[in-house]
A.B. asks: 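Before anything else, here's the structure in question.
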Amino acid sequence: MAYEKVNELNLKDTELRLGLPGTEQVKEEQDVSCVRSNKRQLQSDNEEESTTPPTKTQIVGWPPVRSYRKNNNNNNNNNNNNNNNNSVSYVKVSMDGAPYLRKIDLKTYKNYPELLKALENMFKFTIGEYCEREGYKGSEVVPTYEDKDGDWMLVGDVPWDMFSSSCKRLRIMKGSDALALDSAL
Amino acid sequence: MAEEDLSEMAKDVELHLKLDPPLSANNKPSRSFKTSSSSSPPPCDTSHVLENVLENVLKFLESRRDRNAVSLVCRSWYRVEAQTRSEVFIGNCYSLSPARLARRFTRVRSLFLKGKPRFADFNLMPPDWGARFAPWVAVTAKAYPWLEKVTLKRMFVTDDDLALLAASFPGFKELVLLCCEGFGTSGVAVVANKCRQLKVLDLIESEVTDDEVDWISCFPEGETHLESLSFDCVESPINFKALERLVVRSPFLKKLRTNRFVSLEELHRLMVRAPQLTSLGTGSFSSSTENAGQGEQEPDYASAFRACRSLVCLSGFRELAAEYLPAISPVCANLTSINFSYANISPDVFRPIIRNCHNVRVFWALDSICDEGLQAVAATCKELRELRIFPFDPSEDSEGPVSGLGLQAISEGCRKLESILYFCQRMTNVAVTAMSENCPQLTVFRLCIMGRHRPDHVTGKPMDDGFGAIVKNCKKLTRLAVSGLLTDKAFSLIGEYGKLIRTLSVAFAGDSDMGLRYILEGCPKLEKLEIRDSPFGDAGLRSGMHRYNDMRFVWMSSCRLSRGSCSDIARALPSVVVEVFGSDDDDVDVDEDNADYVEILYMYRSLDGPRKDAPKFVTIL
């Protein structure tokens with residue numbers, strides 16, 4: 001995707017990594033395989049927050065407990081509520097003209113290309129290239145989001161981390177609405 | 001609608017009894033069955049009479065293993081069996097094509113399809129791997145208009161699939177989705193609305209997207225046929241008033257499993273309106289915060305439970321407020337099945353409750369009940385057949401509130417135990433051996449010592465002896481999952497003594513290829529083998545060449561396999577489909593050094609060759 005190339009230089013900066021910053025070798029241990037999935041990834045999230053010594057890295061899919069159960073335990077975790085707030089980040093996604101809303105967990109995506117690809121798959125549209133000056137020129141749809149302050153912004157304008165922590169909901173706009181927003185920005 | 005069904009069935013019966021069998025006239029299946037290439041045998045009265053007799057006899061045969069045996073007797077028996085099999089079970093959706101199913105079996109009323117292998121549950125498989133229901137619903141929609149029941153496990157089901165299902169089968173009665181994904185509440189709404197004969201709608205441990213559709217309101221007005229409604233896995237709020245109205249107009253409802261968005265007060269209202277329930281999923285089992293501190297009188301929960309005289313199965317407790325748990329006491333003595341596995345219950349809260357549960361046969365819980373809780377179970381639940389203990393904190397370093405102590409106590413108290421799944425941090429060979437000696441009825445033994453490669457924590461030795469005792473003493477064992485520090489010796493024992501084992505799960509175990517060889521050269525009944533992160537390589541894999549045609553599947557991930565040996569298998573065994581892929585779903589820039597390394601091997605026998613819907617990241621050798 002052309003969009004990825006534009007941002008290639010930025011990917012490393014915005015990429016979420018396992019382990020503390022500076023401990024690059026944690027990722028290299030052969031046991032850790034990063035499975036990207038649309039499911040909630042509680043194990044990797046726990047890794048970021050836990051203070052377990054580096055020798056005991058969490059392994060994907062081990063112990064063999066379904067994420068469904070792990071999620072429930074986190075919901076019930078009376079002792080430690082930190083996990084609860086950070087583990088999932090659901091936002092509603094609507095697309096103009098589509099009958100159903102979707103919900104996605106922003107935490108499962110590490111950067112804009114992943115998010116956009118997932119949205120494309122979900123709603124069956126294709127999106128054009130993004131560039132800072134002209135937005136999503138040439139595409140029929142424009143992804144927008146509502147941030148903490150209630151403002152509607154274009155997806156991609158701010159760095160990923162800032163976006164993922166301030167995004168409240170997403171709306172894929174179509175047609176003339178889209179162009180209007182684009183040119184206004 | 002019901003009348004039409006009856007007359008349809010009456011026609012069937014008439015056809016069956018007639019001596020001039022329209023059956024052979026409709027007999028399209030013989031076209032595809034290779035050995036019956038000659039034109040159908042000249043009709044003679046005797047053979048038709050025999051066929052009719054056989055048909056009527058076979059109607060009583062339900063077990064699929066028996067039916068499979070029957071179909072092998074001769075061509076005629078094969079044909080008749082194919083036309084009388086109404087329940088079809090397909091353990092691997094890729095082992096045959098939907099078209100083949102439709103060609104062989106003509107009168108299917110119930111279909112059970114399993115898709116992804118079990119390790120997919122633990123994020124070991126990249127998304128979009130496959131197991132789509134779509135091609136199956138498309139074919140069965142045309143082939144089996146009288147289809148009544150569909151059960152899917154680990155399949156990818158879309159809202160469109162559900163819509164097609166609802167539109168294609170006017171007599172549709174039962175939908176059970178286990179560990180499925182790909183659909184949302186909009187799909188559920190369509191089923192609720194269009195399937196007017198619906199008796200069972202069970203969504204179990206499935207991922208259901210919240211499309212913000214009030215699906216409960218989509219059930220048609222008027223009395224329903226509902227007998228079972230389970231939606232405890234649906235992670236979105238429901239319209240409670242609509243649910244209440246639905247329950248009121250569902251006089252046949254016996255099983256109701258609500259999700260955690262149903263509060264205790266709401267549960268009470270439901271119970272009062274449905275005292276005939278036999279199985280109840282209790283939702284959150286905590287009070288909604290609005291009522292707290294208002295000084296209003298709380299409903300009498302115990303009395304509601306007392307009124308449910310037929311209640312034998314309890315589950316839910318998703319956000320349990322422990323002070324309310326004693327409300328279930330009136331039904332404890334009747335309970336045969338209890339699922340506390342979503343509730344963080346301490347031993348003190350647990351013990352007074354379990355003390356009265358003498359009839360419990362199936363018990364699931366979190367390890368928060370500790371060894372003490374297990375001792376209490378052992379003291380009371382003498383009829384226990386199935387036990388599952390899940391970890392509250394599923395990590396490798398947690399304290400671990402249950403151990404060999406609890407396991408041994410259970411083995412001493414619950415002699416009729418048949419199936420156990422036990423997560424723990426530490427274990428001893430002595431405890432495992434004790435279970436093998438005390439519980440001779442065990443058919444399923446799954447022990448998960450969460451610390452990888454962890455030895456017996458008292459002796460420091462490998463867990464070989466314990467698992468060895470299990471396979472030696474539990475002569476009925478059909479399913480085994482091993483863990484902890486294990487050497488090749490453990491596998492040699494499993495291979496030698498595991499005569500009836502059909503499913504074997506191995507993780508982080510063994511020393512060398514010999515371990516895998518022992519299994520593949522032993523365990524004569526092995527059908528499903530799933531291995532991860534174990535030092536088994538090409539030599540081990542090759543040693544099973546003579547077996548793979550007779551197994552349902554083999555999964556090996558993060559072992560020591562190379563492409564070469566996988567290709568060899570694929571070449572040598574044309575009816576085995578060999579898939580290799582990585583755990584990521586990227587089109588990989590293959591790392592040159594590791595180009596040969598196989599991260600995940602998934603192979604399975606198939607009648608119809610490699611599948612056409614494999615995603616790019618999967619290579620079929």
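In what follows, chains carry the letters A, B, and so on, assigned in the order in which the sequence lines appear, proteins first and then strands, with residues in each chain numbered from 1.
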A.B. asks: Find the one option among B/Ser341, B/Ser505, B/Cys448 whose heavy-atom pairs under 4.5 Å with chain A are most numerous.
C.D. replies: B/Ser341
A.B. asks: In chain order, what residues pass the ring pair (Phe, Tyr, Trp, His ring centres under 6.0 Å) check against B/Phe340, with sequence neighbours excluded?
C.D. replies: B/Phe317
A.B. asks: Is it the side chain or the backbone of B/Phe423 that comes within 4.5 Å of chain A heavy atoms, both, or neither?
C.D. replies: side chain
A.B. asks: Just so I know, are the side chains of B/Asp121 and A/Pro64 near enough to count as touching, which here means a heavy-atom distance under 4.5 Å?
C.D. replies: no
A.B. asks: Check whether A/Trp62 reaches the backbone of B/Ala507 with its side chain - one donor and one acceptor, N or O, closer than 3.5 Å.
C.D. replies: no
A.B. asks: Could you tell me whether the side chain of B/Arg452 and the main chain of A/Pro63 form a donor-acceptor pair under 3.5 Å?
C.D. replies: no
A.B. asks: Distance from A/Tyr68 atom OH to B/Glu181 atom CD, nearest 0.5 Å?
C.D. replies: 14.5 Å
A.B. asks: Testing the basics here: between A/Lys70 and B/Pro394, what is the closest heavy-atom pair and its distance to 0.1 Å?
C.D. replies: CG-CG, 3.8 Å
A.B. asks: Please classify the contact between B/Cys179 and chain A as side chain, backbone, both or neither, with a heavy-atom cut-off of under 4.5 Å.
C.D. replies: side chain
A.B. asks: Provide the closest heavy-atom pair for B/Leu124 versus A/Val60 in the form atom of the first, atom of the second, distance.
C.D. replies: CD2-O, 3.9 Å
A.B. asks: Hey, could you give me the CZ/CZ distance between B/Phe122 and A/Arg66, rounded to the nearest 0.5 Å?
C.D. replies: 6.0 Å
A.B. asks: Roughly how far, to the nearest 0.5 Å, is the CZ atom of B/Phe392 from the CZ atom of A/Arg69?
C.D. replies: 13.0 Å
